[in-house]
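In what follows, a single structure is set out as structure tokens and then discussed.
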Amino acid sequence: ADVFQRLNLLALDIMEVEKSYTCRLIPSGRDCVFLQVVINLNQQSPIEMRFTYNLLKSQTFLMSMPSEVSVEPITGEPTVPINTLIQIAKQSIALTEAKTNAFILKRTCKTIVDTLQGRSAMEI
């Protein structure tokens with residue numbers, strides 16, 4: 001029952017992210033699914049966050065946690081270096097990995113947006 005609750009939380013999380021950003025699930029073969037999130041900020045270049053769900057990893061399947069996250073510019077360069085954004089996204093996922101998957105996608109996207117807008121986690 002725990003696995004189904006986590007899958008339900010993942011679905012709710014995706015629905016929350018879709019309220020603010022463009023999302024698309026992209027299947028990749030039998031063992032991988034990508035969640036593509038496009039973040040458009042008014043004064044900045046849009047970025048794409050890609051959450052990878054490797055279904056062969058038990059942690060991914062049992063905990064409904066992304067196995068990897070990447071951040072890419074769509075056009076232009078963001079105000080914060082891409083490598084910094086990737087590190088921040090990975091840290092956001094790692095911080096919640098041991099606890100729960102509840103709204104991990106929403107929280108990670110918000111952390112990236114706040115970073116791009118010059119707000120730190122301490123200000124929020």
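Predicted, not measured: the structure shown is a model, and the values here were computed from it. One is the number of the first residue; the rest follow in order along the sequence.
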- prompt: Are side-chain heavy atoms of Leu105 and Val37 found at a separation under 4.5 Å?
  reply: no
- prompt: Can you hop from Ile112 to Ile14 via hydrophobic side chains spaced under 4.5 Å?
  reply: yes
query: Taking the side chain from Thr84 and the backbone from Val80, do they hold a donor-acceptor pair closer than 3.5 Å?
result: no
- prompt: Any link between Leu41 and Ile86 through a network of hydrophobic side chains (Ile, Leu, Val, Met, Phe, Trp, Tyr) touching at under 4.5 Å?
  reply: yes
message: Just verifying a value: how many Å separate Asp13 CG and Glu18 CD, rounded to the nearest 0.5 Å?
response: 10.5 Å
field: Gap separating the CG atom of Leu7 from the CG atom of Leu12, nearest 0.5 angstrom
entry: 11.0 Å
query: Is Ile26 close to Val33 at the side-chain level, that is, under 4.5 Å between some pair of heavy atoms?
result: no
task: May I ask you to test the Leu35-Thr52 pair for a side-chain heavy-atom distance under 4.5 Å?
output: no
message: Please check this pair: side chain of Ser67 against backbone of Asn54, looking for a donor-acceptor N/O pair closer than 3.5 Å.
response: yes
query: Would a 4.5 Å heavy-atom cut-off, applied to side chains only, mark Arg107 and Lys110 as touching?
result: no
query: Between CD1 of Ile93 and CD1 of Ile104, what distance do you get to the nearest 0.5 Å?
result: 5.0 Å
- request: Answer whether the closest heavy-atom distance between the side chains of Thr108 and Phe51 falls below 4.5 Å.
  value: yes
- prompt: Would a 4.5 Å heavy-atom cut-off, applied to side chains only, mark Ile82 and Pro73 as touching?
  reply: yes
message: Are Tyr53 and Leu25 connected into the same hydrophobic cluster when the rule is that any two of I, L, V, M, F, W, Y join if their side-chain heavy atoms are below 4.5 Å apart?
response: yes
message: Quick check on the hydrophobic clustering: are Leu55 and Leu10 connected, directly or via other members, by side-chain heavy-atom contacts under 4.5 Å?
response: yes
message: Show every side-chain hydrogen bond (donor to acceptor under 3.5 Å, both in side chains) that has at least one partner inside residues 20-31, sequence neighbours left out.
response: Arg24-Gln36
message: Quick test of your reading of the model: are Glu68 and Arg50 salt-bridged, counting only N-O distances below 4.0 Å?
response: no
message: When you compare the side chain of Met49 with that of Val69, does any pair of heavy atoms fall below 4.5 Å?
response: yes
query: Any side-chain heavy-atom pair from Pro46 and Ile39 closer than 4.5 angstrom?
result: no
